[in-house]
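Below: one structure, written as structure tokens.
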2 protein chains.
Amino acid sequence: MAGIRDVAKLAGVSTATVTRALRDEASVTAATKAKVRAAALRLDYVPSAAARALSRGRSNLLGLFVPDITNPFYAQVAQGLEDRAAEARYHCVIASSHLNPERERHLLTSFQDGTLAGLAATTVGTDEGFTTALGATRGPLVLVDRRPRGIKAPLVRTDNRKVTRGAISQLFEMGHTRIAMISGPRDFDTACQRLSGFRLAYKAAGTALPDELIRHGHLGEAGGYKAMNELLELDPRPTAVFCFNNLVTVGALKAIREARLRIPTDISILAFDDMNLFPLVDPPISAIDQPAYEMGRAAADLLLRQLDGERGLGDVVLPATMIMRESLAPPSTR
Amino acid sequence: MAGIRDVAKLAGVSTATVTRALRDEASVTAATKAKVRAAALRLDYVPSAAARALSRGRSNLLGLFVPDITNPFYAQVAQGLEDRAAEARYHCVIASSHLNPERERHLLTSFQDGTLAGLAATTVGTDEGFTTALGATRGPLVLVDRRPRGIKAPLVRTDNRKVTRGAISQLFEMGHTRIAMISGPRDFDTACQRLSGFRLAYKAAGTALPDELIRHGHLGEAGGYKAMNELLELDPRPTAVFCFNNLVTVGALKAIREARLRIPTDISILAFDDMNLFPLVDPPISAIDQPAYEMGRAAADLLLRQLDGERGLGDVVLPATMIMRESLAPPSTR
DNA sequence: TTGTACGCGTTATCAA
DNA sequence: TTGATAACGCGTACAA
């Protein structure tokens with residue numbers, strides 16, 4: 001493995017000049033650059049990432065913490081982050097915690113060693129030890145989707161409350177009066193916001209909202225499945241259900257199928273987060289679509305700008321949109 | 001930021017002892033270790049990743065190259081890789097090329113700088129410049145899913161040919177005689193193997209296979225959509241279609257829906273790679289399921305073993321399984 | 001068991 | 001415009 005000294009020797013210049021030439025700095029003669037480049041090419045020279053990181057005090061790696069890279073929403077965020085990062089010659093380290101707060105904190109502390117120049121995170125942990133660790137991050141931090149209590153950093157999100165309120169209002173307009181929600185953990189601000197929008201729609205419709213129609217704390221397919229089964233026990237059954245996120249929806253759909261109920265005849269379904277197969281499900285599932293890819297790009301952008309020295313960056317709020325499909329219909333009049 | 005010198009000073013030992021104590025080496029007194037740990041804790045000291053990588057000549061980062069992290073198959077591979085890597089205190093850098101060979105090669109060369117200790121790759125590029133770049137990788141290399149021509153490295157795969165042959169034979173047993181295949185690029189060995197299994201089943205059934213029933217070179221949703229539309233033009237129409245992978249299947253399904261045909265009444269569908277929503281599609285889609293997560297783990301394992309000095313590792317072949325759902329039925333007799 | 005001192009390969013500073 | 005050289009912070013022979 002050729003080093004910078006070898007190149008310098010072969011090109012007949014100093015190591016400092018090699019660095020400058022290869023970075024195409026203006027202070028180097030075209031002739032010198034040519035010599036250096038030729039030498040580097042001949043020796044297959046590539047500057048060492050470790051040495052550069054050590055010397056500059058910063059790596060060219062951006063971290064992305066997600067609860068589950070297997071969830072298409074986060075995969076799209078990852079792709080967006082990566083694309084934007086690549087434009088600035090940064091690469092991405094992705095850490096997926098399987099919704100496991102323990103694992104998440106462990107991962108977080110293992111990155112306090114300067115491996116990452118910056119971190120974009122969607123976290124599930126909420127205990128204090130965790131937020132401390134998150135706050136102790138070296139380098140800039142950006143939050144994606146939700147902000148854990150007490151963490152101060154720019155957040156990329158959608159307007160959960162507003163879009164939810166609008167969507168649920170549409171259900172009321174269709175004639176539904178008993179709309180349930182499978183919500184996430186109470187300490188997720190996204191869950192709070194979506195729930196808040198949900199309540200606002202109820203209020204606007206002048207309808208009382210019985211507690212039993214809100215199921216808190218559900219996450220993932222398993223959570224959606226369980227919560228939907230509980231809802232189906234209710235008497236009278238809700239005529240429509242709003243699911244906190246995509247995987248929760250999948251679980252809920254499986255429960256409905258097992259109960260041999262028909263959508264939307266027996267029950268209407270609205271998902272938060274779209275999936276590429278939702279149009280093909282029986283029946284096609286209506287969803288509130290978040291611009292996941294763009295959220296990832298925005299997060300990377302925020303990180304890069306901080307790395308460039310910008311301060312005081314604010315939150316980025318992107319629009320979510322309602323996609324109407326056949327899983328929503330007026331309640332059957334029995 | 002506290003450095004090793006600060007810790008050494010505070011603990012009243014040398015920097016060498018700090019290193020040894022924090023790595024819990026046997027040659028250090030318990031008392032000394034305690035002192036050092038206390039000092040490190042008090043100063044919030046964390047050894048620098050860059051310095052360690054430089055000094056040891058190797059980072060603790062494993063790379064994963066995939067065509068598209070948004071594809072759940074690769075996301076699961078990534079999760080498996082990451083989980084196994086974490087057990088050995090390695091982290092993962094994920095690079096997704098959007099099926100763009102240009103981008104892929106660019107990414108590859110940008111990692112020749114020792115950022116990665118090892119690389120696991122599923123690639124789409126096939127030109128020579130690319131394979132050269134892949135071969136020039138620093139550190140161990142492992143291939144996932146498919147092997148590009150001329151690359152010598154352990155491969156983690158499933159037995160594409162055998163499982164495909166078995167699955168297609170089942171279709172013949174159901175009574176199908178006109179089974180089409182939407183295949184991938186001819187220079188993907190996975191495409192070749194699945195195609196080979198497909199042909200074997202035809203042979204075993206004693207049925208001639210007209211060229212028109214095989215559509216080469218399709219990838220992604222767009223590819224599946226296009227190919228399916230071509231197949232639907234055929235007269236007579238195939239009574240069953242085997243799709244090269246999950247996303248191709250999604251595209252194909254959308255084409256069928258647009259054509260207002262019914263599955264399996266008008267046409268049967270078999271996918272390669274399962275998806276979590278396939279059971280909920282109208283109708284539930286039969287699929288050949290690859291153990292993506294396990295493939296990722298196996299790849300990481302192969303990488304780690306090479307990093308430990310093991311040589312001459314062979315390919316890993318994992319079992320794929322047929323999942324029968326309602327998209328497969330005997331052809332309607334008209 | 002612990003300390004000293006050098007090397008790892010760049011980048012940045014300062015002088016020429 | 002270019003060169004000499006001092007960091008950067010850790011790992012590790014080698015010495016004690």
Side-chain angles (χ1 to χ4, degrees), chain A residues 1-37 39-40 43-61 89 110 112-117 138-139 307 309, chain B residues 1-37 39-40 43-61 89 110-117 138-139 307:
Chain A
M1 286 208 309
I4 197 171
R5 296 152 180 282
D6 304 303
V7 179
K9 200 171 296 175
L10 181 58
V13 298
S14 71
T15 59
T17 299
V18 172
T19 295
R20 291 188 285 243
L22 293 182
R23 301 169 122 210
D24 206 19
E25 292 188 11
S27 67
V28 181
T29 318
T32 308
K33 278 183 190 166
K35 269 192 308 187
V36 173
R37 282 193 192 128
L43 297 174
D44 260 336
Y45 168 73
V46 182
S48 145
R52 188 186 326 130
L54 178 59
S55 184
R56 311 216 324 181
R58 175 200 284 180
S59 78
N60 66 142
L61 261 22
R89 301 182 159 267
S110 81
Q112 311 271 356
D113 62 2
T115 295
L116 308 176
R138 294 250 217 279
L307 287 169
Chain B
M1 286 210 309
I4 197 171
R5 298 151 178 284
D6 304 302
V7 180
K9 200 171 295 174
L10 181 59
V13 298
S14 72
T15 60
T17 299
V18 172
T19 297
R20 292 188 283 243
L22 293 182
R23 302 172 119 213
D24 205 20
E25 291 188 12
S27 67
V28 181
T29 316
T32 308
K33 277 183 192 167
K35 269 193 307 189
V36 173
R37 283 196 191 124
L43 297 174
D44 261 336
Y45 167 74
V46 182
S48 145
R52 189 187 327 129
L54 178 59
S55 184
R56 312 211 329 178
R58 176 202 282 181
S59 78
N60 66 334
L61 262 22
R89 302 183 159 265
S110 80
F111 277 117
Q112 310 272 355
D113 61 3
T115 295
L116 308 176
R138 294 249 218 282
L307 288 170

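Labels below follow one simple rule: chain letters A, B, ... track the order of the sequence lines, proteins then strands, and each chain is numbered from 1. Owing to the predicted nature of the structure, the values given are computational and were not obtained by experimental measurement.
- Residue A/R20 has no polar side-chain atom (N or O) positioned under 4.0 Å from OP1 or OP2 of C/dT13.
- Contact between the side-chain N/O atoms of B/R23 and the OP1/OP2 oxygens of D/dT12 is found at a separation under 4.0 Å.
- Remark: side-chain polar atoms of A/S59 are not paired, donor with acceptor, to backbone N or O of A/A53 under 3.5 angstrom.
- For A/V7 against A/V36, the heavy-atom pair with the smallest separation is CG1-O, 4.1 Å.
- Under 4.0 angstrom from either OP1 or OP2 of D/dG11 there lies at least one side-chain N or O belonging to B/R52.
- In this structure, CG of A/D113 is placed 14 Å from P of D/dG9, rounded to the nearest angstrom.
- Looking at heavy-atom distances under 4.0 Å, A/G3 makes contact with sugar-phosphate atoms alone, never a base.
- Checked against D/dT12, C/dT10, D/dT1, the side chain of A/S48 finds its nearest nucleotide in C/dT10.
- Following rounding to the nearest Å, B/R138 (CZ) and C/dC8 (P) show an atom-to-atom distance of 15 Å.
- Dashed line: the shortest gap from a side-chain N or O of B/T17 to OP1 or OP2 of C/dG3 is under 4.0 Å.
- Between A/T32 and D/dT2, a side-chain N or O to OP1/OP2 separation shorter than 4.0 Å is present.
- Heavy atoms of B/V18 sit nowhere under 4.0 angstrom from any nucleic acid atom.
- Of the candidates D/dG11, D/dT1, D/dG3, D/dT1 carries the atom nearest the A/T29 side chain, counting heavy atoms from C-beta on.
- Among the nucleotides D/dG3, C/dT2, D/dT1, the one closest to any side-chain atom of B/S27 is C/dT2.
- One atom, CG of B/L22, and another, P of D/dC10, lie 10 Å apart when rounded to the nearest Å.
- The separation between A/R5 atom CZ and D/dT5 atom P is 12 Å, rounded to whole Å.
- For B/S55, whose side chain is taken as the heavy atoms from C-beta onward, the closest listed nucleotide among D/dG3, D/dG9, C/dT2 is D/dG9.
- By the 4.5 Å heavy-atom criterion applied to side chains, B/R138 and B/L116 are not counted as neighbours.
- Here the nucleotide nearest the side chain of A/L54, chosen from C/dG9, D/dC10, C/dT11, is C/dG9.
- When the shell of 6.0 Å around NZ of A/K9 is examined, it contains 12 or fewer heavy atoms from other residues, nucleotides or ligands.
- Residue-level contact check: B/I4 touches the backbone only, with heavy atoms under 4.0 Å from sugar-phosphate atoms and none from bases.
- At least one side-chain heavy atom of A/L61 sits less than 4.5 Å from a side-chain heavy atom of B/L61.
- Among the heavy atoms of the strands lying under 4.0 Å from A/V46 are primed sugar atoms or P, OP1, OP2 only; no base atom is included.
- Distance alone, capped at 3.5 Å, places no donor-acceptor pair between the A/R52 side chain and the B/D113 backbone.
- Separating the NZ atom of A/K35 from the C1' atom of D/dT1 is a distance of 12 Å, rounded to the nearest angstrom.
- Proximity of B/S14 to the phosphate of C/dG3: a side-chain N or O atom is located under 4.0 Å from OP1 or OP2.
- Taking atom NZ on A/K9 and atom C1' on D/dA4, their separation rounds to 15 Å, with Å as the unit.
- For D/dG11, one of the phosphate oxygens OP1 or OP2 lies less than 4.0 angstrom from a side-chain nitrogen or oxygen of B/T19.
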